[in-house]
Amino acid sequence: MSFATFHPFGADLLTTLVFLPTVGALVLAFFPASSKAGAKAVGLLTSFLTFAVSAKITLGFDPATATPSAFAIDRAWIPRFGIRYQLGVDGLSLALVLLTTVLTVSVLLVSCGQEIEKLRGYVAAFLLLETGMLGSLVALDTLLFYVFWEVMLVPMYFIIGIWGGKRRIYATMKFFLFTMAGSLLMFVAILYAANVHLKATGFQSFSLVDWTRAASSGAWNLTPGAEALLFGAFTLAFLVKVPLWPLHTWLPDAHVEAPTGGSIILAGVLLKLGTYGLLRFAFPLFPRAAARYGPLLAVLALVGIVYGAWVAAAQKDMKKLVAYSSVSHLALVVLGIVAGTGAALSGAVFQMVGHGLTTGLLFLLVGVLYSRRHTREMADFGGIAARVPVTTTLFVVAALGSIGLPGLNGFIGEFLILGGVFQVNVAWAAIAATGMILGAIYLLTLIQKVFWGPETVPANRSLTDINAWELAGAFPLVVLIVLLGVFPRPLLNLVDGSVKTLQRVSAPRAAAVIARPAGKDAFERLEVHELPAPREEIAR
Amino acid sequence: MKQLWLIPVLPLAGFLLNGLVALVASSSRAEKESGADHPLAPLPYAQRLFHGVVGVGSVGLAAVLSFAALVPYVLSSLHAPEGLAPVVQKVYTWMVAGDYSVDVAFRLDALSALMLSFVTFVGTLIHVYSVGYMQKDEGYGRYFSYLNLFMFAMLMLVLADNLPLLFVGWEGVGLCSYLLIGYSYDKDFAAAAGKKAFIANRVGDFGMVLGIFGVFALFGTADFSFVDLARRQALAGGAPLGVYAVCVLLFLGACGKSAQVPLYVWLPDAMAGPTPVSALIHAATMVTAGVYLVARCSALFVLAPDALTLVAWIGAGTAIFAATIGLAQNDIKKVLAYSTVSQLGYMFLACGVGAFSAGIFHVFTHAFFKACLFLGSGSVIMSMHHEQDMRRMGGLAARIPHTFRTMLVATLAIAGIFPLAGFFSKDMILGSAAASGHWALYAVGLFTAGLTAFYMFRLVSMTFFGKARGGDHGHGEHAHESPATMTVPLWILAALSVVAGLVGVPAALGGSDRIGRFLGASVAHPEIHEMSHGLEIGLMLLSLGVAVTGLLWAWRWYGKADGPAEAVSPQAHAFYEKAGALGRLVANKWNVDEGIEVLVLSPFWKIGTFLWRGFDALFIDGIANASAFLVELAGDLLRFFTTGHVRNYALAFTLGVAVFLVYVWVR
């Protein structure tokens, strides 16, 4: 981007949104390293302002928007290669933007209430991370997206590596290598796709908007093999991030070693960027490959739902348990994406937000206990409910939200995903629904071991309850968990336009799942089948 | 009544008020007593008064509103030959996505009116009773907030106009059950029992959720207008297999909530909760929700006769199975718990033979006499200073006369003695089984009636008759009657145990089966098989005879019990000696819990640990670490060549050139 077109103070809303946290981080550089008050003030102010910008964008957003075209900005960045500074949002990205800005505020509020060494660096890392996340969510140029995607890795690497637990170096290396392996695949795929686009249209472009248009009009004219390769590369990169079984083993280690804020953001937002990538890139760009390999993904997702929950039940460390529960829940989201019906997609997006809130709150509260006792082993607690009544209450609400108790947010996502999957394949829905039972088993076991029962460990007698800063961080999450369960429609409306677009794209996919001729290549038949509309059929 | 939504919302407001105040109070208490040994002290009077007033008041007001709504409805409905159309009030659209659209809407019809009447009535009484029963408890505020939340959920369940909204109440009551069973959360067994209840319910809810999707698939909607579609058989494709599957799935949900075999295991353990909770949730209201669900969807079940047969046999099997266990329990609440399981079995038996209104009628009468029995047992337990073992009781009749008399009435009612409430509802069930030609089911039901009379009168005898066996503490001698907040609800419930059956007096006895005609507007009534009045009266006399036999038998074995505390009666003792292994098996509840532990739970934890330690840590990470190791190895090998000494490089260069030259020369 040339500096002539860059107006830092008259910047458009999305640019402001993305770079405001960076500005905050830069301002922090002028504070002395020991100034905790300065770090807190700058961090909170910046994250609040960023949230305010995201709220302003949401208020000005038309839910009917079908493509990521709202608040769009499109400028040349590296004209020689056709790389552009192109931003824009739709309901899908906006929902996750809001989740990101809310969770960042929460994380920084909590950090004010706990003793954290090198607080200035900690706050700066989270602000830079926020820029990376927001940038990934609003970037429409694939290379720009890739840059933001990689930018996220760096602060996270430091957050785990510096403020992490005992085995933090092992965990950071594992986290970095798993995700880097995925991103490199994606990078190659981006270059390959750009080349395909150039050959097919004669234009050099990395713009997702151009690509989607060309891909959906058939102009790309990919051979099934090439499409499978591209789809595979993108999907693999995103599935590592999700993480889908069997690519998940970096996650529990990363969570266990990460500081509280790191876990909240990791589970709350970073994992969702994996499913976001599937919805934004892999599935719309390569619908035929998605249709062909959807069932394979569904099988992995089903294994992941059961496996993640089952392994969660065996855990003794609270954070590991919640981490494995994420593996299970995110697999359900992937299943919803694969199913591709309107309900399943709405549910998947809803669940992405819902899981960010419930799991974010669970990690926050585990962090509250950890900051006081420096242990996450369930056996080191037990019967602490009378000592920490507020923490207990919040934990139970978060756990019930995660279990999918109707009236709280988790139910809406789970119900819609399962319902949407049911329309496509009853057996998938039945297997996925076992997650309902398993989820209750591991979370209630955790609650029983940590909060109920007799007070067995004397050290817990002087355990103090959640403090005001921590409560301020938890409060928005618990309020949203309840509100979205009772009134889910604002969020469902927000994502409705995006879901309809995705559904159109995935129509052949659903048809392929229902009517795939066994053992034969279904590609030629796909255009013939339309997604059946069960409701209307019944109405007739 | 224009605002049905107010009925559930009032207890919800009560929950929020009570919960918030209790939380703030316990939070400040925890802060003050940090580091102390016993952080729990009794509550100050002002706070207790607040919780009691909010708790009882919110539910009482909801009851008043309910009756204001249902009395006019019921009265005008009785005068309309076909019954009144349901009143449906939509509040807002809950969710819309894809093909699914769910409203928050409430429905008042014959079925929900009947449920509403006893849920709010018994609910209010039990709130009043709790004021006395729980007064010395540190968790008074928490208790009332949970109880209010329960009423909210139960009212949602009863008033919901569609299955997903019903599911809100359905899981909500499950949550409150979990919280209230585990109310004494510092006791391991209570916390474990609460968890067990929630998970067993979740197994059922797994079926329920899939069943709801099935209803959506069959009818395109899950609001209760689908029942009318089912009545007209307006199905998508008319798929009989689909209907059968949906019915079985919904019934799985009902089995979980209503404690039927094999998901009944949670209910006996649920007795860990405070006794008023057992009365309200685990006897009178929540556990009957499964029967309500089946009756609500009766038009659908009628389309799948095989599913109905399943319902009938699961019900009958549960009825007799739980009754046998009830014979040999010594914990007063456990007897009542198994009795509840058994009675719920009766209700499903009724639904299974197509007599849905008879099933609901039994739900209605059971609510009164079983609530009375549980509250009575609470009064007994309180007078015995928290002793629940009947072997240490005895001779209480004179010391706690109100409790004794009311429990005796309720016992006669549940045993089916004419003309108390249980006689009419149980007889309607047995009569329907006989009339529809299910004689095997009839025989099971009849035999179970005898068992019921036996174990109930055994309970009364061991508790109230003979001489006080007060154990080591001699509590029996000092037992004193409970306060009026407890005895007045007992008398009201005892009175209703007498008269509640009069709404369903059969034609054979000169009545007009009002309840059957009233419910006919809401539940399916497959073609009625007429029996001659003579046969009907004959069957009534037979079941009355069986019940009286059971009573007298129990009286003979346990009534004059003045033996030592451990062996209440010589006859019973001798019988168990003779029965040997079978007797021990029955006394040990057929070892079902142990079997589940060995066959299900223990493998579950082991596999989970294996997947974690074996598959995750060794296999997947093994591959990851192996590839990392290979990279490292390659690096080491390369490092061997990267020495940094120019002469090594020069040597390699020279060798390379030499090889190249040789190659060129050879070629």
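Computed over heavy atoms, backbone and side chain alike; hydrogens, waters and symmetry mates excluded. Letters A, B, ... mirror the listed sequences (proteins, then strands); counts begin at 1.
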[X] side chain to [Y] main-chain N or O, any donor-acceptor pair under 3.5 Å?
X: A/Asp465; Y: A/Thr391; answer: yes
X: A/Thr393; Y: A/Pro389; answer: yes
X: B/Tyr178; Y: A/Leu444; answer: no
X: A/Tyr307; Y: B/Leu611; answer: yes
X: B/Lys257; Y: B/Gly204; answer: no
X: B/Thr609; Y: B/Trp605; answer: yes
X: B/Asn162; Y: B/Leu165; answer: yes
X: A/Trp250; Y: A/Val240; answer: yes

Requested in this report: Could you tell me if the ring centre of B/Phe216 sits under 6.0 Å from that of B/Tyr100?
Outcome: yes
Of the backbone (N, CA, C, O) and the side chain (C-beta and beyond), which part of [X] lies under 4.5 Å from a heavy atom of chain B, both, or neither?
X: A/Leu177; result: neither
X: A/Leu416; result: side chain
X: A/Leu405; result: both
X: A/Leu438; result: side chain
X: A/Val486; result: both
X: A/Thr445; result: both
X: A/Trp245; result: side chain
X: A/Phe415; result: both
X: A/Tyr170; result: side chain
X: A/Lys500; result: neither

Using non-hydrogen atoms only, which part of [X] is less than 4.5 Å away from chain A: side chain, backbone, both, or neither?
X: B/Leu249; answer: neither
X: B/Val203; answer: both
X: B/Phe615; answer: both
X: B/Ala22; answer: neither
X: B/Leu210; answer: both
X: B/Asn201; answer: neither
X: B/Ser184; answer: neither

**Report entry** From CZ (B/Phe152) to CG (B/Leu157), nearest 0.5 Å
**Finding:** 11.0 Å
Query raised in the report: If you measure from CE on A/Met436 to CZ on A/Phe411, what distance do you get to the nearest 0.5 Å?
Result: 8.0 Å
Most heavy-atom pairs under 4.5 angstrom with chain B, which of [options]?
options: A/Ser346, A/Gly453, A/Ala314; value: A/Gly453
options: A/Pro454, A/Ala433, A/Ala313, A/Ala440; value: A/Pro454
options: A/Ala429, A/Pro406, A/Ala181, A/Pro252; value: A/Pro406
options: A/Ile447, A/Asp496, A/Thr434; value: A/Thr434
options: A/Leu492, A/Val390, A/Leu418, A/Thr464; value: A/Leu418
options: A/Leu463, A/Leu247, A/Thr249; value: A/Thr249

Requested in this report: I would like to know whether A/His248 and B/Asp616 meet side-chain contact (heavy atoms from CB on, under 4.5 Å); could you show each step before the answer?
Outcome: CA-CA 9 Å; A/His248 65 278; B/Asp616 252 32; 2.9 Å; yes
Query - Candidate pair B/Tyr183 and B/Tyr143, rule ring-ring contact (aromatic ring centres under 6.0 Å, His included), full reasoning - result: CA-CA 7 Å; B/Tyr183 168 76; B/Tyr143 173 84; 5.7 Å; yes
**Report entry** Option that, when pairs with chain A are counted at under 4.5 Å, heavy atom only, ranks first among B/Thr93, B/Val168, B/Val209, B/Asp205
**Finding:** B/Thr93
Query raised in the report: So which of B/Phe610, B/Phe604, B/Phe198, B/Phe619 has the largest heavy-atom pair count under 4.5 angstrom toward chain A?
Result: B/Phe604
Requested in this report: Just do the side-chain contact (heavy atoms from CB on, under 4.5 Å) check on A/Ile466 and A/Val388 with the steps written out, would you?
Outcome: CA-CA 7 Å; A/Ile466 190 166; A/Val388 290; over 6 Å; no
Requested in this report: Give the intermediate values and the outcome of side-chain contact (heavy atoms from CB on, under 4.5 Å) for residues B/Asp223 and B/Asp103.
Outcome: CA-CA 8 Å; B/Asp223 67 45; B/Asp103 290 341; 5.8 Å; no
